[in-house]
Amino acid sequence: MGVVNVTPDSFSDGGQWLRPDDAIAHGLALAASGADIIDVGGESTRPGALRVTEEEELQRIGPVVSALAQAGLIVSVDTMRATVARQALQAGARMVNDVSGGLADPKMAPLVAAAGVPYVVTHWRGQSADMQAKASYVDVVAEVIAELADRVDALAAAGIDPNLMIVDPGIGFAKLPAHNWSLLARLRDISFLGHPGAPFPVLVGASRKRFLGQLLASGEGVPRPFADCDDATVALTALAAAAGAWCVRVHSVAANADAVRVVARWKQEKESVR
Ligand code: PMM
């Protein structure tokens, strides 16, 4: 999944794709680099970000979703608002990526249920402005699994087919770096959400996030800039794919797509010698 943030203030690429023509060209380029899905968002969710109005969000993403869908790409809309999701689906989007897991807008679950499209359910504890104050866990993996399982149950009760749900541990959403690493190391457990049945597909959104810059900080403790965290993102992509992740959401696609292909071949070999 390649990211097109049509925002002035996203974490690593804010302002780069704010003009519709630039965003559309970027989406097409990401698809040409190997992205199977293009995720278009018009509201930054970086820690501390303030919300944009619904009108602004719609204005940002409308032409981009339409153009990319018309070009034949599978477009996902990254939004917490049911109205925005509805208009994006009408414009040709085929999937809803809601970082609030349906908590931000009570109208989201009925909309997605009626639309019958794949829905990304992300672990989330509150809006970006103060989410890091909620990064408090005794056992982060157990708590994220329990909270995600609750969301999945509530969303299923609201009519969304569980077979269309994709779960996401919400890397960086009310999480400190140590929390992110614990979750990434337990992706397989997260896919089962504590049930013995079939696993859910898992999406991982770790690309260029702050915890990578902190891991790769200089000797003086200066975090590595976002744009220089793409190699670390590729390493995480390979590990996530090897752990069975269904999708990785990344800003720079080509090397991540290569990593996914390497892991697929690696897994094929492992299967054949069993
Ligand atoms: N992260 C961001 C935005 N959307 N969607 C999902 N499903 N998972 C994520 O982790 C996620 C997301 C924020 O990242 P960005 O501002 O760097 O794009």
Side-chain angles (χ1 to χ4, degrees), residues 1-18 23 26-27 30 35 37-52 57 60-61 64 75-81 84-85 88 93 95-104 108 112 117-125 127-129 131-132 135 144 148 151-152 155 165-175 177 179-181 183-184 187 190 200-213 225-230 232-233 236-237 240 245-253 256:
M1 174 186 274
V3 180
V4 179
N5 284 323
V6 195
T7 58
D9 57 342
S10 280
F11 197 56
S12 74
D13 57 354
Q16 266 184 284
W17 320 114
L18 194 54
H26 186 51
L30 293 176
I37 303 168
I38 303 299
D39 191 41
V40 180
E43 178 173 58
S44 172
T45 49
R46 70 174 207 290
L50 298 178
R51 300 215 64 186
V52 294
E57 195 183 346
R60 287 179 185 175
I61 66 160
V64 182
V75 176
S76 130
V77 59
D78 185 344
T79 186
M80 293 185 244
R81 289 186 168 114
V84 176
M95 176 170 158
V96 176
N97 174 25
D98 176 359
V99 298
S100 83
L103 284 169
M108 184 65 99
V112 173
V117 293
Y119 181 57
V120 181
V121 185
T122 302
H123 178 261
W124 186 85
R125 283 186 166 181
Q127 293 292 349
S128 305
M131 67 180 173
Q132 290 310 90
V144 166
L148 269 178
R151 289 312 305 146
V152 163
L155 293 163
M165 294 186 204
I166 296 134
V167 299
D168 179 337
I171 299 301
F173 291 95
K175 315 281 181 331
H179 300 138
N180 294 326
W181 288 112
L183 291 163
L184 288 166
L187 291 179
I190 291 166
F200 283 88
V202 172
L203 187 149
V204 176
S207 180
R208 297 183 180 170
K209 281 188 179 166
R210 207 180 297 237
F211 75 110
L212 291 176
F226 323 123
D228 297 334
C229 289
D230 280 335
T233 299
L236 264 185
T237 289
W246 172 77
C247 182
V248 287
R249 179 185 179 278
V250 297
H251 299 84
S252 173
V253 167
N256 286 287

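Values reported hereafter were calculated over all heavy atoms of this structure, with side chains retained and with hydrogens, waters and symmetry mates removed. Predicted model, so just to flag it, every value in this text is computed and none were measured. Both ligands and their constituent atoms are indexed starting at 1 by order of listing.
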How does [X] reach ligand 1, if at all, at less than 4.0 Å between non-hydrogen atoms: by side chain, backbone, both, or neither?
X      : result
Val204 : neither
Lys209 : side chain
Asn5   : side chain
Arg46  : neither

Could you check [atom] against the protein and tell me its nearest heavy-atom contact, residue, atom and distance included?
atom                    : result
atom 8 (N) of ligand 1  : Asp168 OD2, 2.6 Å
atom 5 (N) of ligand 1  : Asn97 ND2, 3.1 Å
atom 17 (O) of ligand 1 : His251 NE2, 3.0 Å

Please could you name the atoms of ligand 1 that [X] approaches to less than 4.0 Å, counting only its heavy atoms?
X      : value
Phe173 : 1 (N), 2 (C), 9 (C), 10 (O), 11 (C)
Val99  : 4 (N), 5 (N), 6 (C), 12 (C)
Asp78  : 3 (C), 4 (N), 12 (C)
Thr45  : 2 (C), 3 (C), 13 (C)

> Do the ring planes of Trp17 and His26 sit parallel (below 30°), tilted (30 to 60°) or perpendicular (above 60°)?
Replying inline: parallel

> Does ligand 1 have any atom that is closer than 4.0 Å to a heavy atom of Phe226?
Replying inline: no

> Does Arg208 have a heavy atom less than 4.0 Å from any atom of ligand 1?
Replying inline: no

> Is there at least one pair of N or O atoms, one from Gly205 and one from ligand 1, spaced under 3.5 Å apart?
Replying inline: yes

> When only distance counts, is Ser207 in polar contact with ligand 1, meaning an N/O pair under 3.5 Å?
Replying inline: no

